[in-house]
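Working notes, beginning with the structure itself.
Labels below follow one simple rule: chain letters A, B, ... track the order of the sequence lines, proteins then strands, and each chain is numbered from 1. Model, not experiment: these values are computed from the prediction.
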There are 2 protein chains.
Amino acid sequence: MSLDGQLPPKMRLLRAAAELLANSGGAPVSTRQITQLAGVTAPTLYHHFGDKEGLFDAVVAAGFEEYVAGERDFAPSGQPLEDIRRMWDNHVQFGLNQPELYLVMFGNIRPESRPAIVADAEALMEEMLNKAAVAGQLNVQPREAARSILAANVGVTLMLIAEPASERNLELSTMTRDAMIFAVSAEPAGGAAPGDAGKSSVVVAAIALNAALQASHSDQLSSSELKLFLEWLHRISTSPAG
Amino acid sequence: MSLDGQLPPKMRLLRAAAELLANSGGAPVSTRQITQLAGVTAPTLYHHFGDKEGLFDAVVAAGFEEYVAGERDFAPSGQPLEDIRRMWDNHVQFGLNQPELYLVMFGNIRPESRPAIVADAEALMEEMLNKAAVAGQLNVQPREAARSILAANVGVTLMLIAEPASERNLELSTMTRDAMIFAVSAEPAGGAAPGDAGKSSVVVAAIALNAALQASHSDQLSSSELKLFLEWLHRISTSPAG
DNA sequence: TCAGTTCATATAGCAATGCTATAGGTGCTA
DNA sequence: TAGCACCTATAGCATTGCTATATGAACTGA
């Protein structure tokens with residue numbers, strides 16, 4: 001029942017935890033199950049990982065590597081928004097392929113304590129959205145867009161995981177995905193802009209400018225400065241004289 | 001330390017569980033804490049609720065009543081989509097006001113076992129969206145729209161709960177909300193339709209027709225029938241002769 | 001009035017959980 | 001070989017959810 005007898009105990013613990021987590025079918029996984037499968041006794045676990053949560057965090061870190069690899073492993077298509085779509089789909093697929101791991105990563109929410117993984121995922125998406133912003137394809141700041149899209153992405157994935165596998169309808173995902181991307185994009189395939197339809201191309205240009213500044217590592221506008229900047233631009237673009 | 005000595009033990013257990021849950025700050029709540037605060041011993045709990053989860057479900061049911069009351073307690077504005085916005089905001093506010101309860105209700109996801117509460121919330125939103133559909137304001141079937149909007153709504157609320165209270169930015173909510181509502185609505189304030197911009201008013205009319213049939217309690221189209229129906233309509237509306 | 005039945009609560013304790021105080025190897029450097 | 005740091009095991013603690021069993025109370029039918 002022990003796992004790969006010759007690996008170091010730390011690795012065996014990691015693998016055992018990952019395997020049990022993946023096959024637990026939602027049931028909680030005990031430290032005793034893990035240590036037994038790893039062929040190790042309890043203090044070894046706590047020596048290496050401090051906590052049960054510490055061990056799980058380590059498993060999650062490995063899972064996150066896999067997730068990030070999936071998010072990066074397609075060549076940039078040159079159309080950043082298309083890449084965002086693929087990121088979304090990859091996110092959902094990762095969640096459905098490894099629901100237990102996904103739930104540990106994204107479903108273990110506690111008030112006022114955000115899992116580090118969420119911040120990382122946001123950064124990943126923001127990075128991609130920055131390219132869209134530089135290309136003048138974004139309606140809002142990349143950070144806000146990333147947060148919004150990721151929130152919807154997580155929500156959809158959780159819903160799909162919660163559903164019986166036979167009833168899962170990926171249309172929920174694609175529909176929500178396109179809605180979110182359309183909402184943040186400056187140039188929809190159809191024509192007009194969403195929501196407050198007054199958002200002019202000046203705003204888009206300003207966001208693109210800020211993103212470009214950020215990409216060039218030069219001094220950039222603070223969020224409050226950008227807000228004021230946008231306000232001025234908006235006033236100019238809608239003034240009778242302008 | 002006991003709670004309202006004269007209420008029946010069942011009620012005392014419910015109140016004790018609710019109170020501990022609300023003030024636990026995310027820490028797990030034990031049955032011993034609950035029974036002690038309720039001034040009752042363990043078997044009483046299991047006699048009335050069977051399970052710890054059974055007790056929590058009962059607490060959730062009470063919380064859900066409150067939630068539903070919030071969702072219904074504003075007069076229909078005559079603009080269903082505006083009511084959907086209020087439902088969304090009420091949902092988020094409920095989550096932020098009672099994060100622990102919310103997490104038990106919507107955050108306790110397990111693979112392939114969807115909390116009953118989610119289905120109820122979906123039904124609630126679908127009901128409202130039906131009015132929009134009858135009014136010809138919907139781009140997709142009410143059920144799909146409800147699922148999509150609710151998924152995003154839950155995702156956003158979970159994100160906001162996970163954030164430190166000081167950093168919470170409700171713009172994330174309003175932005176995502178408007179994006180989702182815009183995506184499912186037939187007549188955006190601006191002009192064109194989202195995504196596949198080819199969706200004609202014929203589709204909207206068909207959805208409105210189906211919703212009206214459903215509301216009138218007469219025989220309605222099955223989802224597969226509707227799909228075929230829509231396909232025909234689409235073919236007609238895009239045919240050279242039409 | 002009183003035995004019988006049912007409901008509701010208490011006593012005491014079980015198995016499983018996460019975790020740890022303490023001690024025992026094991027391999028290195030001096 | 002002595003000393004030292006690192007890693008692991010024995011054994012056990014407190015807490016967890018839960019229950020087998022028994023006791024009390026309230027009602028029912030004769």
Side-chain angles (χ1 to χ4, degrees), chain A residues 1-61 100-101 103-104 107-108 110 113 115, chain B residues 1-61 100-101 103-104 107-108 110 113 115:
Chain A
M1 189 54 85
S2 74
L3 207 71
D4 295 9
Q6 296 320 332
L7 281 91
K10 191 171 179 177
M11 276 299 164
R12 279 185 289 169
L13 278 168
L14 272 176
R15 294 202 180 181
E19 181 178 330
L20 286 175
L21 215 52
N23 304 336
S24 67
V29 177
S30 73
T31 59
R32 281 177 170 81
Q33 289 175 18
I34 297 172
T35 54
Q36 181 184 346
L37 178 59
V40 170
T41 53
T44 305
L45 191 163
Y46 295 93
H47 174 73
H48 286 289
F49 300 100
D51 238 355
K52 182 187 185 181
E53 196 177 325
L55 170 58
F56 277 50
D57 283 350
V59 173
V60 161
E100 315 294 342
L101 183 56
L103 287 179
V104 174
N108 229 3
R110 300 234 149 274
S113 84
Chain B
M1 189 55 83
S2 74
L3 207 71
D4 295 10
Q6 295 320 330
L7 281 91
K10 192 170 179 178
M11 276 297 165
R12 280 186 289 170
L13 279 168
L14 273 175
R15 294 201 180 182
E19 181 178 329
L20 287 175
L21 216 51
N23 303 336
S24 67
V29 177
S30 73
T31 59
R32 280 176 171 81
Q33 290 174 17
I34 297 172
T35 54
Q36 181 183 347
L37 178 60
V40 170
T41 52
T44 305
L45 191 162
Y46 295 93
H47 174 71
H48 287 289
F49 301 99
D51 237 357
K52 181 187 187 183
E53 196 178 326
L55 171 57
F56 277 52
D57 284 350
V59 173
V60 161
E100 314 294 342
L101 183 56
L103 287 178
V104 174
N108 228 5
R110 300 234 149 272
S113 85

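- Across every non-hydrogen atom of A/Arg12 and A/Ala38, the tightest pair is NH1-O, 3.4 Å.
- Residue A/Arg32 contributes atom CZ, which lies 9 Å from atom C1' of C/dC19 at whole-angstrom precision.
- In this structure, B/Lys52 contributes its side chain and B/Ser30 its backbone to no donor-acceptor pair below 3.5 Å.
- Nearest heavy-atom pair, B/Thr35 versus B/Arg32, reported as atom, atom and distance to 0.1 Å: OG1-O, 3.1 Å.
- Put simply, B/Thr44 has a side-chain N or O that comes within less than 4.0 Å of OP1 or OP2 on C/dA10.
- Contacts of B/Ser30 with the nucleic acid, taken as non-hydrogen atoms under 4.0 Å apart, involve only primed sugar atoms and P, OP1 or OP2.
- The closest side-chain heavy-atom distance from A/Val104 to A/Val59 is not below 4.5 Å.
- A/Leu14 approaches A/Phe49 most closely through the heavy-atom pair CG-CZ, 3.9 Å.
- Rounded to an integer number of Å, the gap from A/Leu45 CG to C/dC19 C1' is 10 Å.
- As a whole-Å value, the separation of A/Gln33 CD from C/dA15 P is 18 Å.
- The CZ atom of A/Phe56 sits 15 Å away from the C1' atom of C/dC19 (whole-angstrom rounding).
- Contact footprint of chain B on DNA chain D: nucleotides with an atom under 4.0 Å from a non-hydrogen protein atom, first to last in 5' to 3' order, D/dT16 to D/dA20.
- A straight line from CD of A/Gln36 to P of C/dA16 spans 12 Å, rounded to a whole angstrom.
- Counting only heavy atoms from C-beta outward, the side chains of A/Leu45 and A/Asp51 never approach each other to under 4.5 Å.
- If you take CZ of A/Phe49 and C1' of C/dG18, they are 16 Å apart, rounded to a whole angstrom.
- Looking at heavy-atom distances under 4.0 Å, B/Pro28 makes no contact with the nucleic acid at all.
- As rounded to whole Å, 4 Å separates atom P of C/dA8 from atom NE2 of B/His47.
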